[in-house]
Amino acid sequence: MSQSVRERRRKKAKKSQMRNNLMLTAGAVLIVVLVGMSIWNNVGKPPLGEEITVSGDGDHVADGNPLPAYSSDPPTSGTHYISSLPEGFYDENSQEAVSLANPEGYLVHNLEHGYVIFWYNCEILNESECTELKTELRTLMMDYNNFKIIGFPWKTTDVPLVGTSWGRYLEFETWDKETAAAFIERNRNKSPEPNAR
């Protein structure tokens with residue numbers, strides 16, 4: 001093989017290696033920029049929603065026992081059951097929504113662990129509005145892999161949707177995906193036990 005052919009191959013390989021390195025560097029820089037933007041947009045910002053005075057000491061009582069009145073409806077804190085509910089969306093016909101006498105006792109335990117709960121009231125919506133709200137909420141929750149997020153039916157609110165986190169309360173007169181996403185990002189894990197599941 002001649003010297004010039006070897007030299008051309010070496011230069012071509014070096015050029016290819018430089019292009020690959022440049023692409024890897026550009027990809028890494030893009031990831032760093034996106035992560036940085038996310039952090040910049042959310043870190044240091046206070047939790048979203050009305051601050052509700054934390055009720056009680058967050059005491060635990062045995063599942064099914066009577067619960068004291070909460071300082072908001074739906075609740076944002078207070079005495080709660082020893083057990084909590086799994087993350088995810090609960091339909092009006094789900095066993096937990098139908099059979100639990102005091103689901104809020106379990107859900108406040110979730111709030112103590114840093115969950116965000118969206119309480120939806122289809123009683124004040126027509127069927128198509130309810131279906132649309134539940135679809136939008138499920139989609140948003142899936143965008144966050146349902147991580148520490150619960151959607152739960154709640155018939156006592158005056159608005160179609162209320163977001164709660166520990167000590168925070170936000171009413172939604174209409175669905176607002178950007179505000180709901182910001183509520184998750186700014187309020188999730190802002191609680192007494194954020195490392196608990």
Side-chain angles (χ1 to χ4, degrees), residues 42 46-123 130 133-157 159-172 175 177 179-197:
N42 295 302
L48 196 57
E50 177 187 350
E51 186 173 1
I52 303 293
T53 301
V54 172
S55 61
D57 295 327
D59 293 333
H60 295 88
V61 297
D63 293 357
N65 278 2
L67 296 164
Y70 290 108
S71 59
S72 64
D73 181 28
T76 63
S77 64
T79 300
H80 53 274
Y81 294 142
I82 295 168
S83 302
S84 58
L85 294 181
E87 60 201 8
F89 185 87
Y90 293 83
D91 197 81
E92 298 94 333
N93 298 318
S94 67
Q95 182 178 347
E96 295 80 1
V98 172
S99 66
L100 292 177
N102 297 303
E104 65 275 21
Y106 302 94
L107 293 166
V108 170
H109 197 160
N110 289 93
L111 294 173
E112 182 184 45
H113 290 178
Y115 279 65
V116 166
I117 301 175
F118 290 102
W119 313 74
Y120 64 93
N121 184 358
C122 282
E123 297 284 312
C130 175
L133 174 62
K134 292 192 301 186
T135 300
E136 293 288 346
L137 182 54
R138 279 187 181 113
T139 300
L140 177 68
M141 290 173 63
M142 288 185 335
D143 288 346
Y144 289 90
N145 297 317
N146 288 326
F147 179 67
K148 288 195 172 185
I149 308 170
I150 291 176
F152 202 84
W154 202 249
K155 297 178 182 180
T156 59
T157 61
V159 293
L161 186 67
V162 173
T164 63
S165 62
W166 188 261
R168 292 286 172 166
Y169 183 98
L170 183 64
E171 292 185 347
F172 292 80
W175 173 249
K177 181 178 180 177
T179 303
F183 192 80
I184 292 169
E185 292 170 8
R186 290 169 57 179
N187 293 41
R188 187 169 47 186
N189 281 333
K190 302 278 180 27
S191 68
E193 298 178 11
N195 296 321
R197 231 358 239 248

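Below, each value reflects all heavy atoms present in this structure, side chains not excepted, and no hydrogens, waters or symmetry copies.
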- Can you sort out the partners of S191 under side-chain contact (heavy atoms from CB on, under 4.5 Å), two or more places apart, ordered by chain and number? W166, P194

- Who passes side-chain contact (heavy atoms from CB on, under 4.5 Å) against T157, sequence neighbours left out? P74, N121, W154, V162

- Message: Can you confirm whether Y70 sits close enough to V108 that some side-chain heavy atom of one is under 4.5 Å from a side-chain heavy atom of the other?
- Response: yes

- Item | Qualifying residues under side-chain contact (heavy atoms from CB on, under 4.5 Å), relative to P68, sequence neighbours excluded | T79

- Note on the structure: Applying ring pair (Phe, Tyr, Trp, His ring centres under 6.0 Å) to F172 and not counting sequence neighbours gives none

- Message: Can you pull out every salt bridge (Lys or Arg N to Asp or Glu O under 4.0 Å) where at least one residue sits in residues 60-84? Sequence neighbours excluded, please.
- Response: none

- Applying side chain to side chain donor-acceptor pair (under 3.5 Å), name anything that partners N102, two or more places apart in sequence or on another chain. Y81

- Between E50 and R168, is any pair of side-chain heavy atoms under 4.5 Å apart? no

- State, yes or no, whether a side-chain contact exists between D143 and K177 at a heavy-atom distance under 4.5 Å. yes

- Query: Considering only heavy atoms from C-beta outward, does the side chain of M141 approach that of R138 to under 4.5 Å?
  - Reply: no

- Item | Partners meeting salt bridge (charged side-chain N to carboxylate O under 4.0 Å, His left out) with E104 (sequence neighbours left out) | none

- Would you please name every residue forming a side-chain contact (heavy atoms from CB on, under 4.5 Å) with T76, sequence neighbours left out? I52, S72, T164, Y169

- Side chain R186, main chain P46, donor-acceptor under 3.5 Å: yes

- Query: So, do N146 and F89 sit near enough that their side-chain heavy atoms are less than 4.5 Å apart?
  - Reply: no

- Taking only residues two or more places apart in sequence, or in another chain, which ones meet S94 in a side chain to side chain donor-acceptor pair (under 3.5 Å)? none

- Applying salt bridge (charged side-chain N to carboxylate O under 4.0 Å, His left out), name anything that partners E92, two or more places apart in sequence or on another chain. K134

- Item | Residues which pass ring pair (Phe, Tyr, Trp, His ring centres under 6.0 Å) with F152, listed by chain and number, not counting sequence neighbours | Y90

- Considering residues at least two apart in sequence or located in another chain, which fulfil the side chain to side chain donor-acceptor pair (under 3.5 Å) criterion with Y106? none

